[in-house]
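Convention: sequence-line order gives letters A, B, ...; per-chain numbering from 1. Computed from a predicted structure; not experimentally measured.
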Number of protein chains: 2
Amino acid sequence: MARPRTPLLSRTRIQEAALALVDRDGLQGLSMRKLAQELGVQAPSLYSHYRTKEELLNDVVDRITADIDVSGFKNGDWRHGLTVWARSYRDALAAHPNMVAFIASGPGRREEALRRADAIHGGLVSAGWPARLATMIGASTRYLVVGAAINSFARGFDADARVYQDRYPNLSQAHRLPELAAEIDNDSFELALRAFIAGLETLYPRQATRAEAESRHA
Amino acid sequence: MARPRTPLLSRTRIQEAALALVDRDGLQGLSMRKLAQELGVQAPSLYSHYRTKEELLNDVVDRITADIDVSGFKNGDWRHGLTVWARSYRDALAAHPNMVAFIASGPGRREEALRRADAIHGGLVSAGWPARLATMIGASTRYLVVGAAINSFARGFDADARVYQDRYPNLSQAHRLPELAAEIDNDSFELALRAFIAGLETLYPRQATRAEAESRHA
DNA sequence: ACCTGAACACCGTTCAAGT
DNA sequence: ACCTGAACACCGTTCAAGT
């Protein structure tokens, strides 16, 4: 009964089941015992593939953030690169709202995250931004994305209902509040991103235009 | 032995002990049993004052965020109001890094949070911004603050060490990395805030100037 | 009204044992 | 190498009982 000819589990299978469980029942709803049951196995079996629950969750994070689009800097257009990155980053988080708190809080895995951070930094530098400013711009954009993801999806809509009702007193249908909240969240994120980029141009006209000029040559 | 003449516990005493415990041992390190022990009492006693652990934590959050400065809008200067609010908000979170993940993830208590949200919104509107834009500006700023707090404080510095070392290869003393990380975090936050405000002026010159003109009259 | 001891239904993780 | 049953040291919370 123990040790079947082909392994019952694999890291991939465990990751997928864990993510599905978190999506369905929330981060709190994921326990090694429930996960094992979902996979038709006993809880200790999981420890043949992962040393801790946290190690597993970090792999799930890598899986979620694997598709973040960092390619927008290719032609040297930093505004486009930053916008594409930020939007795809936010979309990746939005697809798994129950994971956002964990993604945001932990130090995160280095394998993928570091590679992406380097891509952003490199894209900004090669577009004309000095190294230190490039680091700050990357960090600022991350603040925006993570903050937006947490405020949008991790928070319950019912909690925000009263806020929106105050703002739009003529909104009669309470069941449309989630829609409206999502719309305001999206508009706020886009405003923040556009204003931030426009502000960079105002505060650092030389770097911003140099970056623009170089993108024309490319 | 049960039921002393003066109660051993109070909501205030429980809140303070809980916050001290989280500050010392992290959010994971707070359990009702450990908290009770710290207060010289048995765990079930806590449930005479709080119905759940979450209700207690929400009160702790209120205690932390009580000092956020919303008064900067008084003279109608929305840039000043926004800056003061954002900085004091971030400072409040920075004072209790182990609470940031919880503060960010839950819907939060309504009593305090709603009042502040209204103050910000009212301040922006009376400074000349239309209601919908005021809502978006408030949300965007919150994204920035929460995102910055999470990336700065909840993440371990050792995890970021490699990133900074790449950026500053001539940094020889590894023990100074925390300092440097804090400095970059702070600079990035200030950049994000300034660029956002400058961007608002570029994108909405009429509202921004109208708000400015009104602040002169006040 | 406030605190206690005992208990319930859970956790993550370890470990010897099986194949 | 991979899975199991049993166990350890924890959780949050409930509840009858005491004063």
Side-chain angles (χ1 to χ4, degrees), chain A residues 1-61 98-99 101-103 105-107 109, chain B residues 1-61 98-99 101-103 105-107 109:
Chain A
M1 194 110 289
R3 173 84 168 117
R5 293 149 75 245
T6 56
L8 294 174
L9 297 176
S10 71
R11 285 191 155 227
T12 307
R13 247 170 63 71
I14 296 174
Q15 289 163 21
E16 285 168 352
L19 182 52
L21 207 48
V22 170
D23 284 344
R24 177 152 55 80
D25 299 343
L27 189 59
Q28 295 269 41
L30 173 71
S31 77
M32 297 305 262
R33 282 173 169 88
K34 274 174 66 180
L35 177 57
Q37 189 181 5
E38 209 86 10
L39 289 161
V41 111
Q42 299 300 320
S45 306
L46 298 168
Y47 289 85
S48 297
H49 300 262
Y50 279 105
R51 290 191 317 136
T52 64
K53 183 185 181 183
E54 182 157 351
E55 188 179 310
L56 161 59
L57 278 173
N58 280 324
D59 266 16
V60 171
V61 172
N98 295 337
M99 282 295 298
F102 179 84
I103 294 174
S105 69
R109 277 289 54 65
Chain B
M1 194 111 289
R3 173 80 170 116
R5 297 150 73 246
T6 56
L8 295 173
L9 298 176
S10 71
R11 286 192 154 224
T12 306
R13 249 171 63 70
I14 296 175
Q15 290 163 21
E16 285 167 352
L19 182 52
L21 208 49
V22 170
D23 284 344
R24 175 151 57 81
D25 299 344
L27 190 60
Q28 295 269 41
L30 173 71
S31 77
M32 297 305 260
R33 281 173 169 88
K34 274 174 65 180
L35 176 57
Q37 190 180 5
E38 209 85 12
L39 289 161
V41 113
Q42 299 298 321
S45 305
L46 298 168
Y47 289 84
S48 297
H49 301 262
Y50 280 105
R51 290 192 316 136
T52 64
K53 182 184 182 182
E54 183 157 350
E55 190 180 310
L56 163 58
L57 278 172
N58 281 324
D59 266 17
V60 172
V61 173
N98 295 336
M99 282 294 299
F102 179 84
I103 294 174
S105 69
R109 275 292 50 65

Validation: residues 11-19 of chain B side-chain donor-acceptor distances under 3.5 Å, sequence neighbours left out:
residue: B:R11; atom: NE; partner: B:H49; partner atom: O; Å: 3.2
residue: B:R11; atom: NH1; partner: B:D59; partner atom: OD2; Å: 3.3
residue: B:R11; atom: NH2; partner: B:H49; partner atom: O; Å: 3.2
residue: B:R11; atom: NH2; partner: B:E55; partner atom: OE2; Å: 2.9
residue: B:R13; atom: NE; partner: B:L8; partner atom: O; Å: 3.1
residue: B:R13; atom: NH2; partner: B:L8; partner atom: O; Å: 3.4
residue: B:Q15; atom: OE1; partner: B:R63; partner atom: NE; Å: 3.1
residue: B:Q15; atom: OE1; partner: B:R63; partner atom: NH2; Å: 3.1
residue: B:Q15; atom: NE2; partner: B:Y50; partner atom: OH; Å: 2.8
residue: B:Q15; atom: NE2; partner: B:D59; partner atom: OD2; Å: 3.3

**Q.** DNA chain C base-pair string [pairs: Watson-Crick or G-U under 3.5 Å; |: paired with another strand]
**A.** ||.|||||...|||||.||
Q.
Apply side chain to side chain contact (heavy atoms under 4.5 Å, CB included) to residues A:N58 and A:F102 and explain how you reach the verdict.
A. CA-CA 9 Å; A:N58 280 324; A:F102 179 84; 3.8 Å; yes
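- At least one side-chain nitrogen or oxygen of B:H49 sits closer than 4.0 Å to the OP1 or OP2 atom of C:dC3.
- As a whole-Å value, the separation of A:L46 CG from D:dT4 C1' is 12 Å.
- Residues that satisfy the side-chain hydrogen bond (donor to acceptor under 3.5 Å, both in side chains) test with B:R24, not counting sequence neighbours, are B:E38.
- For C:dT4, one of the phosphate oxygens OP1 or OP2 lies less than 4.0 angstrom from a side-chain nitrogen or oxygen of B:S45.
- Proximity of B:L39 to B:L46: side-chain heavy atoms (C-beta onward) are separated by under 4.5 Å at one or more points.
- When the nucleotides D:dC3, C:dT4, C:dC2 are ranked by their closest atom to the side chain of A:V41, D:dC3 comes out on top.
- Atom CZ of A:R11 is separated from atom C1' of D:dC2 by 14 Å (rounded to the nearest Å).
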Q: Determine, for nucleotides 6-14 of chain D in 5'-to-3' order, which nucleotides have protein heavy atoms under 4.0 Å from the base (write B), from only the sugar-phosphate (write S), or from neither (write -).
A: BB---BBBB
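- Two residues are said to be in side-chain contact when any heavy atoms from C-beta on lie closer than 4.5 Å; A:L30 and A:N98 fail this criterion.
- Scored by the salt bridge (charged side-chain N to carboxylate O under 4.0 Å, His left out) test, A:D23 finds no partners at all (sequence neighbours excluded).
- Atom CG in A:L9 sits roughly 9 Å away from atom C1' in D:dC2 (whole-Å rounding).
- Between B:K53 and B:L35, the closest side-chain pair of non-hydrogen atoms is not below 4.5 Å.
- Annotation: proximity of residues 16-23 of chain B to DNA chain C (heavy atom, distance under 4.0 Å) is found for no residue.
- Atom CD of A:Q42 and atom C1' of D:dT4 are 7 Å apart (whole Å).
- Listed by chain and number, the residues in a side-chain contact (heavy atoms from CB on, under 4.5 Å) with A:A43 are A:R33, A:A36 (sequence neighbours excluded).
- Interatomic distance, CG of A:L57 versus CE of A:M99, reported as 5.0 Å (0.5 Å rounding).
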Q: Please assess B:L9 against B:S48 for the test side chain to side chain contact (heavy atoms under 4.5 Å, CB included), listing each intermediate value before the final yes or no.
A: CA-CA 9 Å; B:L9 298 176; B:S48 297; over 6 Å; no
